[in-house]
Amino acid sequence: MHCRNGRNILFKFKGTIKMLDIKFIRENPDIVKHACQVKNFPDHTSEILDLDARIRELKTITQNKTAEKNKISREIPTSSDKATLVARSKEISAEIASEMSELAEKESRLNDLMHCVPQIPDDTAPIGDDDTANTILKVMGTPRTFDFTARPQWDLLDMNGWWAPEKISKICGARTYCLIGEAAELDLAIQTYVIQKLISRGFKYIECPSITKPETIFNAGHFVGSDMSVMKNDVFALNDEDKCLAGTAEIIINSLHSDEILSENELPLKYAGFSPCFRREAGAAGRDTRGLVRFHQFNKVEQYVFCRPQDSEKFYQELLKNLCDIMEDLELPYRVITNSTGDMGFNKIKMNDVEAWVPSENTYRELGSCSLIGTFQSRRTNTRYRENGTNEVKFCATMNNTGIALPRVLVPFIENHQNPDGSVNIPKALQPLMGGRTKIGGKH
RNA sequence: GGAGACGUCGCAUAGUUGGUCUAGUGCGCCACAUUGGAAAUGUGGUAUACCCGCAAGGGUAUCAAGGGUUCGAAUCCCUUCGUCUCCGCCA
């Protein structure tokens, strides 16, 4: 992952970027230690606190010396004994330099460790190492019982000429797909439907780039540590450019208001973002290789909200409901999972996956993921708002949920809505966007 | 891709022979005064982060970002990022 000038794009951050507030860690070390434990991340709390204490000590010393130096510099122009003052100033500079070097070293180390402290999970999250500890929050709809032999997605796609997997793999490589004819129309109709629904619920539609800088991806807080190489299994880096392909519009929207101080009156900011999504899926070799499930590139509509921290739960439930409503509009049986502490990821407070029923697998498969992030991402992006009345500057809370993932949603869609002749029924909500058709495919 | 210009405290601007710039001015915003109320006007205020301190208060840093020269940098040098204008190319 080297670019043309020989510089490694996997750089380390300079300056102090916090995921959790150092003050919070200072005051609540036990909570942080517990979070590391239940999320399965190494616990550096003690070293962080030691570094923090030494850094503050060094700052006090160096800042006091700098103050003296500045004072001397101000006196020099009007002094009659410039030489003495200049000499004294140089002396102080030398002292500062050595302390600053220790300070820089300690801050760098602290910064690295701060990037490794996970977000504190919510009390309601089941504690466990992985997805086996997840719990079921609710189940909606009843899996359909077929009075004929239901076909798996790939058979339906084959018989209707809706894709060309071998051809596309030959042309474009493994884990790519194409949609042809009515399936492509359906894909677009679903995308449009979801975007319009979110717009009607107060979201601002935004089309996002997929090409982005590595630090933008890093600022979304999915990755642990400050070394960008942690992204290498998940993110495509463009050769000869300090650019990567974003895995989701969440990454772009997350940085949309970076370094801004928003007015409290502007909140909440709700975005419905669309972008092509790119994932290396390097750790998924051999999994989901058949059908429209897992690709290096796909499309996604993403819900994303910036709000006041105290409104987090309200909007989180709203995002979750939006996806549930979309499942119901698409007439798909689904369930909502509450993800365990070990399954929710580094930057999340809590997470609920939405899974749709897939008849050919006789199980539910993930279609979307709703995540409560708190101020974790906004600390990385420095996205804040000014509180009315107090005028205090505070970090925004952020959260995100899938709006719809394409083409994956077609898997449960075409299987659940299939007919014996291989045709697929179109739910009422979608018919206007499909030119009024009530079904597609089959032997017309 | 080629050539040139540029990036200042919410917005617009002043400031580039280094030191009264701890950044001026206008607009906006907030408070107060004036008013029956408002407009207009007047006065004052109006960044962020961190460090020390019980507090009052003091200090450090930030003029796109990072580094350098210097006793001292918005001003000089280097790098990076970004913007604009022509040309080229093109959905």
Side-chain angles (χ1 to χ4, degrees), chain A residues 2-26 48-49 51-97 99-104 106-108 110-111 114 207 209-219 226 228 238 240-244 252 255-266 276 375 378-396:
Chain A
H2 285 77
C3 58
R4 64 179 162 246
N5 57 12
R7 214 152 38 80
N8 196 319
I9 69 165
L10 305 175
F11 64 94
K12 289 191 170 193
F13 275 97
K14 292 171 180 172
T16 304
I17 302 170
K18 303 157 293 183
M19 277 78 258
L20 285 185
D21 189 353
I22 183 71
K23 287 177 196 156
F24 179 87
I25 299 176
R26 243 180 247 155
I48 286 173
L49 293 175
L51 285 166
D52 175 50
R54 178 59 181 156
I55 284 168
R56 282 193 285 164
E57 198 173 28
L58 285 167
K59 275 188 177 174
T60 304
I61 296 168
T62 55
Q63 288 181 2
N64 287 341
K65 287 186 179 175
T66 305
E68 188 187 347
K69 200 178 106 172
N70 288 344
K71 185 163 169 280
I72 292 171
S73 285
R74 266 178 260 124
E75 287 167 1
I76 285 176
T78 55
S79 168
S80 54
D81 187 10
K82 289 189 172 65
T84 308
L85 291 177
V86 169
R88 174 64 189 143
S89 181
K90 282 186 173 177
E91 215 174 284
I92 297 172
S93 291
E95 289 173 26
I96 293 173
E99 282 145 2
M100 286 298 274
S101 112
E102 185 190 346
L103 180 60
K106 293 278 196 294
E107 283 199 307
S108 167
L110 177 63
N111 216 27
M114 289 293 280
E207 272 189 23
S210 301
I211 298 172
T212 189
K213 299 180 184 180
E215 59 262 44
T216 306
I217 296 179
F218 186 79
N219 281 343
S226 50
M228 291 277 180
L238 299 181
D240 299 332
E241 301 265 0
D242 289 355
K243 297 284 167 49
C244 295
I252 311 301
S255 286
L256 205 56
H257 298 285
S258 59
D259 297 320
E260 291 182 24
I261 299 176
L262 302 162
S263 152
E264 182 174 345
N265 299 332
E266 292 177 75
T375 59
S378 67
R379 284 177 190 279
R380 283 200 180 183
T381 58
N382 197 27
T383 304
R384 297 168 296 171
Y385 71 97
R386 193 180 300 280
E387 193 173 67
N388 290 336
T390 65
N391 272 347
E392 280 179 45
V393 175
K394 299 189 166 177
F395 284 102
C396 295

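Lettering follows sequence order; numbering is per chain, from 1.
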What is the nucleic acid contact for [X], judged by heavy atoms within less than 4.0 Å: base, sugar-phosphate only, or nothing?
X     : answer
A:I76 : base
A:R88 : nothing
A:N70 : sugar-phosphate
A:I92 : nothing

Base paired to B:A74 (Watson-Crick or G-U; both N/O distances under 3.5 angstrom)
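B:A74 is paired with nothing.
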
What is the base-pairing partner of B:G44, counting Watson-Crick and G-U wobble geometry with both distances under 3.5 Å?
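Across all strands, the one nucleotide that pairs with B:G44 is B:C30.
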
So if I take every side-chain heavy atom of [X] and compare against [options], which nucleotide ends up nearest?
X      : options             : value
A:T66  : B:U60, B:C51, B:C71 : B:U60
A:R56  : B:C71, B:U60, B:C52 : B:C52
A:V393 : B:U48, B:G82, B:G59 : B:U48
A:V86  : B:U48, B:C71, B:G59 : B:C71
A:S89  : B:C81, B:C71, B:U60 : B:C71
A:I261 : B:U48, B:C52, B:G82 : B:U48
A:K213 : B:C71, B:C50, B:C81 : B:C81
A:S73  : B:C52, B:C50, B:G19 : B:G19

Within this structure, what is the CD1-to-P distance between A:I72 and B:G19, rounded to whole angstrom?
20 Å

Which atom of A:S89 lies closest to which atom of A:S73, heavy atoms considered
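Heavy atoms of A:S89 and A:S73 come nearest at OG-OG, 4.5 Å.
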
Does a side-chain N or O from [X] land closer than 4.0 Å to OP1 or OP2 of [N], or not?
X      : N     : value
A:K59  : B:C50 : no
A:K82  : B:C71 : no
A:R384 : B:A49 : yes
A:R74  : B:C71 : no

Distance check, [atom1] atoms only: [N] and [M], in whole angstrom units.
N     : M     : atom1 : result
B:G72 : B:G19 : P     : 14 Å
B:U13 : B:C84 : P     : 15 Å
B:U75 : B:A14 : C1'   : 13 Å
B:U48 : B:C54 : P     : 24 Å

